[in-house]
Amino acid sequence: MFAGQIPRHMEEPELRKVFEEFGPVYELSILKDRATGGSRGCCFVTFMKRKDALEAQNKLHGVRVLPTMHNPVQMKPADVEPRSERKLFVGMIGKETGDETVRSMFMSYGPIEECTVLRDAQKNSKGCAFVTFMSRKNAIAAIRGLHHSRTMDGCSAPLVVKFAEAQRDKNAGGG
């Protein structure tokens, strides 16, 4: 199972306790940021029994908010869809718009795995973000619902929401 909205400060033993309330956990893996080595606020958890995994999903997903978090745990079967088919580029967001504001704009379209406003070395917003959904169908719904839907404060053009280009596509010389 994939679990999001996990406090970044929670270590594996503490997280195991949250999930073991529903049954024995075979494996738990916290997703780490490549640059910092810190938690990305999500993990994969494998239960010994399928029924325990489903019970955990029913009792946690969209229901329980873990300490220090504002949003409830997002939990679903680990996705088989490639990340590139779920990751969106969001352009023309206001320079004052933070990660949580962007997340709240998109969360009505489905569970979000990751949401990051791009920033320069001085931590100033670059006016764009990446939003990765748990499923491709939610990403498509967000594109349909939000692309060119409004112009944000301080922007000269409406919101741009499209699939993020994979690095290999850029290297092919397309654009």
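These figures come from a predicted structure and were not determined experimentally.
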- Item | Where S84 and F163 come nearest, the two heavy atoms and their spacing | O-CD2, 4.1 Å
- Message: Return the CG to CD1 distance between L15 and I6, rounded to the nearest 0.5 Å.
- Response: 5.5 Å
- Query: Considering residues at least two apart in sequence or located in another chain, which fulfil the side-chain contact (heavy atoms from CB on, under 4.5 Å) criterion with L159?
  - Reply: V90, I93, M105, L146, S149, M152, V161
- Task: Please name all residues satisfying side-chain contact (heavy atoms from CB on, under 4.5 Å) with E21, sequence neighbours left out, ordered by chain then number.
- Result: R64
- Query: Does the R86 side chain pair with the main chain of F133, one donor and one acceptor, at a distance under 3.5 Å?
  - Reply: yes
- Message: Rounded at 0.5 Å granularity, tell me how far CD in Q74 sits from CZ in F2.
- Response: 9.0 Å
- Could you name each residue pair satisfying side-chain hydrogen bond (donor to acceptor under 3.5 Å, both in side chains) that touches residues 37-49, not counting sequence neighbours? R40-E114
- Task: Report the C-alpha distance between H147 and V160 in whole Å, list the side-chain angles of each, state the deciding distance to 0.1 Å, and finish with yes or no for side chain to side chain contact (heavy atoms under 4.5 Å, CB included).
- Result: CA-CA 5 Å; H147 182 65; V160 172; 4.1 Å; yes
- Show your reasoning for whether side chain to side chain contact (heavy atoms under 4.5 Å, CB included) applies to V45 and M75. CA-CA 10 Å; V45 58; M75 193 163 176; 4.0 Å; yes
- Note on the structure: Looking only at heavy atoms, the pair that brings G4 and C42 closest together is CA-CB, 3.9 Å
- Item | side chain to side chain contact (heavy atoms under 4.5 Å, CB included) between S135 and K76, intermediate numbers included | CA-CA 10 Å; S135 77; K76 64 176 240 134; 4.1 Å; yes
- Should we say atom NZ of K17 is surrounded by more than 12 heavy atoms from elsewhere, each under 6.0 Å from it? no
- Query: Checking side chain to side chain contact (heavy atoms under 4.5 Å, CB included) against R103, which of T116, I112, V131 comes through?
  - Reply: I112
- Item | Atom of S125, atom of V117 and distance for their closest heavy-atom approach | OG-CG1, 3.6 Å
